[in-house]
Amino acid sequence: MHWADVIAYRFDRDVEQVIATGITPSGPIHIGNMREVLTADAVYRAAKDLGVKARFIYIADDFDPLRKVYPFLPDHYEKYVGMPLSEIPCPCGGHRSYADHYLSSFLQSLKELGIKPEVYRASELYIKGKYRDLICISLENSGRIKKIMEEVSGRALPKDWLPFNIKCENCGRLTSSKALLYEYPLIEYECDCGYQGEIDIRKGGVGKLPWRVDWPARWKLFGVTFEPFGKDHAAAGGSWDTGKRISKEIFNYPPPMHVVYEFIQLKGKGAMHSSKGTAVSAEEMLRMTPPEVLRFLIMKNKPSKHIDFDPGIGILDLVDEYDKEERMYFGEEEAERRIKDLKRTYELSQPYEIPDKLPIQVPYRHLVTVVQITRKWEEIKKILIRNGQIPEELDKRDEERLKKRVENVLYWLDRFAPEKVKFEVKEELPKISITEDQLNALKVLENILANIEWTPENLHDAIYKCAERSGTNAKDIFSAVYLIILGQKHGPRLGYFLALLGKDFVMNRLREAIKYSTS
RNA sequence: GGGCUUGUAGCUCAGCCAGGUAGAGCAAUCGGCUCUUAACCGAUAGGUCGAGGGUUCGAAUCCCUCCAAGCCCGCCA
């Protein structure tokens, strides 16, 4: 059984389930963060498929303070460190706030992936006073909460610690105030900026609960029954350990069911950190991979498995694997036993509806070659039709899908592809020097090519026929052909490649090269 | 130090959560027009399932111990 179904089976069917996720929009949201939402979405879908009533909520932690000036931020953001993300200006100026800047691109990605949670902003929840009762309970129980934190995490908290981060009314920071005196409903405080004042905790937005208290408070607030979280929170003494006790003992709420997911590593570079520039954002990922393939990556791996994500050549393998699974799903290819939960994984990988028939597939690797011959969709379509890879009449959905993939491949080529898969068809005969032998071979080749049917196999065979007749090494002939077309010694598989370029182009180029080299 | 995960063919992994005679791809070997690029086809071979113990009629699968690796333990998923 698929892991998402295994989890869903454990739900109490008589109770509406509330599946929650939360991510802090403090920078570009990367594909590692995406795993959390995708995991939740899979469980949500599985629950609904079982007939369990369920809600799916996403809470943006936009009331969290900015921790530091990340490398992708201008230096003058120093002055915003400590302020809630929702109250810091947008880096590009186009959004309501810093948080919204990153949030909007993330929400757009969710849409593409077919994930539709109810979206809440922590800043609004705080400002509207939704947390009021929970804040009161927390402050009333400061001593007990402190004790739990110290017992579970083993670290000592300051004597006068309160489970509340005050937002200084003067400088707007959440991180620099110290409570002097708490007497319901007022907290007197002093801030590093020199300001002294008092806040009324009954008013919204005057501060926030620290993470370890905020989390369980949120479970209570929304009635959360299930939540996936990363292994960092699951470490012994971590926020899950404190959270479940605070939830039970302070808020009198049973901690939700959960699943711990592993991190996604960037192949060869370790964990992703936006702050270290080793992250691939969700948005970028979706520009180079179809959404169903990104979902597939998450769905085919149990949450407990590490995922090594390779944005280089590995992306081609991933798409190929997806396509293969798709063929097996539609019975076009014999299903391999080793592929676990094939059907379910495929279904859960679909952002929206499941296709009713096998979509037209063009191997991704092949597209990598085609788009480098021409970047224009209409031209690409012509080439694919001419080579019999797609029918002349494409159904609209297939056309959209293919077109989208072409865009993905182009983005990938420009940003992530290794140099060795790249080439450029020169519009003019490049200035190259070939040997006497190669020239002779090209003459023979021209002769052979003029009289064959223009198919990949024939073209490939022609090279060897040519090698035989001209007495030139086949390798040198390959090189010569690449040279006159690409200006380099290597290129994509030659038979297919020449077939794609078309007879007219190839014959003209051959004649030109012969003429030029002879003169 | 604590937590979690992983350890199955030379390599990458599936199978484990519902115990019932070990699976795939790549690599290798052999063969098929001298068939280049992480892109041909067919066949063959290849594993005491990390080690030890336990439960069971039966264990890769469940339980315990140990060994090794990876990651996480400053509110970074």
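Below, chain A is the first sequence line, B the second, and so on; all start at residue 1.
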Task: Pairwise P distance for B:rG3 and B:rG47, with rounding to whole Å - done: 37 Å
- [ ] Measure the distance from CD1 on A:I307 to C1' on B:rG70 and round it to the nearest whole Å.
- [x] 15 Å
Open item on the list: Expressed as a whole number of angstroms, how long is the span from A:D5:CG to B:rC17:P?
Closed with: 16 Å
Task: Nearest-Å distance for atom pair CG/P, residues A:L486 and B:rU36 - done: 18 Å
Open item on the list: At 4.0 Å (heavy atoms only), tell me whether A:Y364 reaches a base, stays on the sugar-phosphate, or touches nothing.
Closed with: nothing
- [ ] Between B:rA39 and B:rC26, how far apart are the C1' atoms? Round to whole Å, please.
- [x] 13 Å
Task: Length of the line joining A:H233:NE2 and B:rG74:C1', which is rounded to integer Å - done: 13 Å
Open item on the list: For the C1' atoms, the ones on B:rG25 and on B:rG20, what distance do you get once it is rounded to whole angstrom?
Closed with: 27 Å
Task: Stepwise salt bridge (charged side-chain N to carboxylate O under 4.0 Å, His left out) test for A:R344 and A:E347 - done: CA-CA 5 Å; A:R344 192 58 171 149; A:E347 287 166 6; 3.3 Å; yes
TODO: Determine the minimum heavy-atom distance between A:K130 and A:L221, stating which atoms define it.
DONE: O-CD1, 3.4 Å
Task: Toward the 5' end of RNA chain B, by each residue's nearest nucleotide, A:V6 or A:F229 - done: A:V6
Open item on the list: Between B:rG50 and B:rA45, how many Å separate the two P atoms, rounded to a whole number?
Closed with: 24 Å
Task: Trace of the salt bridge (charged side-chain N to carboxylate O under 4.0 Å, His left out) decision for A:R155 with A:E150 - done: CA-CA 5 Å; A:R155 60 174 166 156; A:E150 289 183 328; over 6 Å; no
TODO: With ring-ring contact (aromatic ring centres under 6.0 Å, His included) as the test, would you mind laying out the steps for A:W240 and A:W211 before giving the verdict?
DONE: CA-CA 11 Å; A:W240 167 248; A:W211 164 245; over 10 Å; no
All N/O contacts under 3.5 Å from nucleotides 31-35 of chain B to the protein, with atom names and distances to one decimal?
from, atom 1, to, atom 2, distance (Å)
B:rC35, O4', A:Y464, OH, 2.9
B:rC35, O2, A:H460, NE2, 3.3

- [ ] Quick one: closest heavy-atom pair of A:L38 and A:M299, and the distance?
- [x] O-CE, 3.6 Å
TODO: Look only at the side chain of A:Y126 and the backbone of A:L209, and say whether a donor-acceptor pair between them is shorter than 3.5 Å.
DONE: yes
Open item on the list: So for atom NZ, which belongs to A:K111, do other residues, nucleotides or ligands contribute more than 12 heavy atoms lying within a distance under 6.0 Å?
Closed with: no
Task: Dot-bracket pairing map - RNA chain B, Watson-Crick plus G-U, both contacts under 3.5 Å, | cross-strand - done: ((((((((.[[[[.)....(..]]]].(((((.......))))).....[[[[[..)....]]]]])))))))....
- [ ] May I ask you to test the A:S142-A:F164 pair for a side-chain heavy-atom distance under 4.5 Å?
- [x] no
Open item on the list: Name the residue from A:E325, A:R295, A:E326 that meets the side chain to side chain donor-acceptor pair (under 3.5 Å) definition with A:Y346.
Closed with: A:E326
Task: Distance, rounded to the nearest Å, where A:E321 contributes CD and B:rC13 contributes C1' - done: 10 Å
Open item on the list: Distance check, P atoms only: B:rG53 and B:rU12, in whole angstrom units.
Closed with: 28 Å
Task: Separation of atom CG in A:N33 from atom P in B:rC75, rounded to whole Å - done: 17 Å
Open item on the list: Within the 4.0 Å heavy-atom criterion, would you say A:L494 contacts the bases, only the backbone, or no part of the nucleic acid?
Closed with: base
TODO: Pick base, sugar-phosphate or nothing for A:N165, based on heavy-atom distances below 4.0 Å to the nucleic acid.
DONE: base
Open item on the list: Keeping A:Q438 on the side-chain end and A:D476 on the backbone end, is there a donor-acceptor pair under 3.5 Å?
Closed with: yes
TODO: Can you tell me the distance, in whole Å, between the CG atom of A:D61 and the C1' atom of B:rC76?
DONE: 12 Å
Task: Same-atom distance (P) from B:rA59 to B:rA14, integer angstrom - done: 24 Å
Open item on the list: Work out how far the C1' atom of B:rG58 is from that of B:rC76, and round it to whole angstrom.
Closed with: 49 Å
Task: P gap between B:rG74 and B:rC11, integer Å - done: 36 Å
Open item on the list: For A:F72 and A:Y70, take the angle between the two ring planes, folded into 0 to 90°, and tell me which bin it lands in: parallel under 30, tilted 30 to 60, perpendicular over 60.
Closed with: parallel
- [ ] Determine, for nucleotides 2-9 of chain B in 5'-to-3' order, which nucleotides have protein heavy atoms under 4.0 Å from the base (write B), from only the sugar-phosphate (write S), or from neither (write -).
- [x] BB-S----
TODO: Evaluate the side-chain proximity of A:F11 to A:F226: yes if any heavy-atom separation is below 4.5 Å, no if none is.
DONE: yes
Task: A:D62 CG - B:rC76 P separation (whole Å) - done: 17 Å
- [ ] Determine, stepwise, if the pair A:R45 / A:D41 fulfils salt bridge (charged side-chain N to carboxylate O under 4.0 Å, His left out).
- [x] CA-CA 6 Å; A:R45 290 189 186 191; A:D41 186 55; 3.2 Å; yes
